[in-house]
Amino acid sequence: MSNGVKQTGALKLPAAPSVELGNGQHELWTGEYYNEGVAGHGGLFDKLNEECGVFGVYGHPDASSLCYYGLHALQHRGQESAGICTTDGEKFNYYRGMGLAKEVFNNETLPPLTGSSAIAHVRYSTAGESKLANAQPLVFKYREGELAIATNGNLDNANIIKRELERKGSIFQTTSDTEVLAHLIARSEHDDILDAVKDALKQVIGGFAFLIMTNDKLIAALDPNGLRPLMMGRLGDAYLFASESCAFDAVGGTYLRDVQPGEILVLDRDGFHEDRFAESGKRSICAMEYIYFARPDSDIDAINIHSARKRMGKRLAMESFVDADVVTGVPDSSISAAIGYAEQTGIPYELGLIKNRYTGRTFIQPSQELREQGVKMKLSAVRKVVEGKRVVMIDDSIVRGTTSLRIVNLLREAGATEVHVRISSPPFMNPCYYGIDTPSRKELIAAMNSVEEIRKAINADSLHFLTQEGLLDSIGTGSAGDQSGYCMACFNNNYPTEIVDTGKVGCACD
Ligand code: SF4
């Protein structure tokens, strides 16, 4: 590509990395931007942020278009940046930009991404400074050629490894954990790329799903506990990888299987190879994927997300029935649980809250007053539905409590006579070290307050959180049967891995 679109910024590793990540990079908006009613980070809606979504294609002539549609389907996992890297077997073509996939890719930026293999990435939404340098896939040069990496998750010991490598002379060009993995691959004693990747993966701790591409290989790897979702699909003769199965549906592909904990799957000219870089630890899929992050039409480990959420709602009704006139769910992620609660109790489900689907990014800075009212940009109460009614309001989680208070007040202002809040997860009390952006413990309302104190703080008539047992029963057992297990650390402080760096929360992209 010669129209200024091509990003020539491959990092060279390890001896003398050249920083070119910002060189020639395109972005739609380089100043500050604000998310209108969107989650987290100064956005107006107090929710947890999923960190990233990954998509990969091996052996399809239209790999970049498939990635584009795959990213569309995964857009809920990240709205800050999008990127695709393709290879025709000889060279990489790649493009990354700030914004949604549909903003970054168009008739000019997509066609030059030729080749039959590709990896792609969407990154989560933040407000504030542009972070194009953290947009993925990241592309590196190493002694055997080029390497592209797309990640979902977090390497808990990245800072420790980074300090050690820096002492040995490595120079880092980004703040991304992904670069740590690239340095480890480049420094490996093994010339064979697969051995080098395995060598690198053995040294990192955390929850991560990697897609790694060279000019002749596509490699998928999942952490030894299987914390983050990563699955494999087919489209004709081509192979697909994605964070969620809804991305396979979006491109007409079919789900094949989930990548297993500690597994490394390789596609190259010799076909498909299954290997491992680690023994499988206790399988611990992130329970929040089922509660909130994943799309309802996705299956993770053979469990459909909508169905699991509906069971959570039913269980919530069994644990905490309250006599009321209508049940409503906070859209979108709580609607399935609200339907389940209504089905179980016989109280009618109604659309008491409507989401404004057209909020997005703006460069108009909201005033403090507007920020305070931010939830109104995102949600409206349907007066005719809730006026004079006793309302059961189902939500999937309470993080700081500020959004719950605003939504309860929205319903009261619209005339609800009682608002009973039911949460389809246990109290969120601990930070996540596996790639989910969470506030510090002292900002988590459930870490600092009793249920009764939270009830008062959010102005609810009653409040109940789903129990841990209720949650586990609702999710059920996945394809691994009795071996299926879930990370519940943000509820019970029981982290499935050793936490070596308690300051290292957030995403591998940061
Ligand atoms: S700590 Fe919570 S958010 Fe993080 S992986 Fe575990 S269940 Fe998911």
Side-chain angles (χ1 to χ4, degrees), residues 39-41 46-54 76-78 124 151-158 177 204-210 222-230 243-244 258-259 261 281-295 298 300-301 303 305 308-309 312 333 395-400 423-441 443-447 465-476 478 484-510:
H41 284 302
D46 168 33
K47 281 289 185 184
L48 297 171
N49 283 312
E50 177 59 82
E51 302 288 350
C52 299
V54 297
H76 59 289
R77 299 183 74 86
Y124 80 121
T151 322
N152 175 30
N154 182 48
L155 306 183
D156 181 43
N157 62 343
D177 287 5
V204 295
I205 300 172
F208 51 81
F210 279 112
L222 188 65
D223 69 82
N225 296 92
L227 280 146
R228 303 260 63 92
L230 182 63
S243 296
E244 286 182 40
D258 285 53
V259 179
K282 180 168 168 33
R283 194 178 174 90
S284 309
I285 305 173
C286 169
M288 282 302 291
E289 291 285 351
Y290 294 93
I291 296 163
Y292 169 61
F293 296 130
R295 251 174 54 164
S298 285
I300 296 178
D301 195 30
I303 296 171
I305 301 299
R309 286 180 190 161
M312 290 171 208
S333 51
D395 203 354
D396 47 64
S397 52
I398 298 183
V399 183
R400 295 179 181 85
I423 304 296
S424 58
S425 66
F428 196 104
M429 303 170 78
N430 307 292
C432 176
Y433 298 102
Y434 306 122
I436 304 304
D437 184 38
T438 43
S440 66
R441 196 175 260 117
E443 291 176 87
L444 296 169
I445 192 169
F465 291 87
L466 186 62
T467 60
Q468 290 184 39
E469 302 70 38
L471 174 61
L472 288 173
D473 289 349
S474 303
I475 299 175
S484 297
Y486 301 96
C487 175
M488 305 265 285
C490 46
F491 312 124
N492 63 15
N493 206 22
N494 188 5
Y495 293 90
T497 69
E498 179 194 6
I499 302 300
V500 292
D501 185 355
T502 51
K504 181 75 179 68
V505 292
C507 176
C509 316
D510 278 332

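Atoms within a ligand are numbered from 1 in the order they appear, just like the ligands themselves. Just so it is clear, the values below take in all heavy atoms, side chains as well, and ignore hydrogens, waters and symmetry mates. For this chain, numbers begin at 1 and follow the sequence in order.
Residue contacts to atom 8 (Fe) of ligand 1: Cys490 brings no N, O or S atom closer than 2.8 Å.
Distances shorter than 4.0 angstrom do not occur between any heavy atom of Glu289 and any atom of ligand 1. In this structure, Gly207 falls outside the shell of residues with a heavy atom less than 4.0 angstrom from ligand 1.
Every atom of ligand 1 is numbered from 1 in the order shown, and the set under 4.0 Å from a heavy atom of Tyr434 is 5 (S). Contact atoms of ligand 1 toward Ile436: 3 (S) (distance under 4.0 Å to a heavy atom of the residue). Atoms of ligand 1 found under 4.0 Å from any heavy atom of Ala287 (numbered from 1 in listed order, with element): 7 (S). The distance from ligand 1 to the heavy atoms of Arg228 drops below 4.0 Å at these ligand atoms: 5 (S). Taking a cut-off of under 4.0 Å to the non-hydrogen atoms of Ala489, the atoms of ligand 1 that pass are 1 (S).
For Asn157 (side chain) and Ile205 (main-chain N/O), a donor-acceptor pair under 3.5 Å exists by modelled atom type. Glu289 contributes no side-chain N or O that, together with a main-chain N or O of Ile300, makes up a donor-acceptor pair within less than 3.5 Å. The closest donor-acceptor contact from the side chain of Arg228 to the backbone of Leu222 lies at 3.5 Å or more, if one exists at all. Asp396 places no side-chain N or O within donor-acceptor distance of the main-chain N or O of Ile291, the cut-off being under 3.5 Å.
The nearest protein atom to atom 8 (Fe) of ligand 1, hydrogens excluded, is given as Cys286 SG, 2.3 Å; this is a heavy-atom distance. Nearest non-hydrogen protein atom to atom 4 (Fe) of ligand 1 is Cys432 SG, 2.3 Å. Of the protein's non-hydrogen atoms, Cys487 O, 3.0 Å is the one closest to atom 7 (S) of ligand 1.
Tyr434 and Thr497 share a donor-acceptor pair across their side chains, judged by distance under 3.5 Å alone.
Aromatic ring centroids of Phe491 and Phe465 lie 6.0 Å or more apart.
Within the 4.5 Å cutoff, no side-chain heavy atoms of Phe210 are placed close to those of Val259. Put simply, the side chain of Tyr495 does not reach to within 4.5 Å of the side chain of Leu227, judged on heavy atoms.
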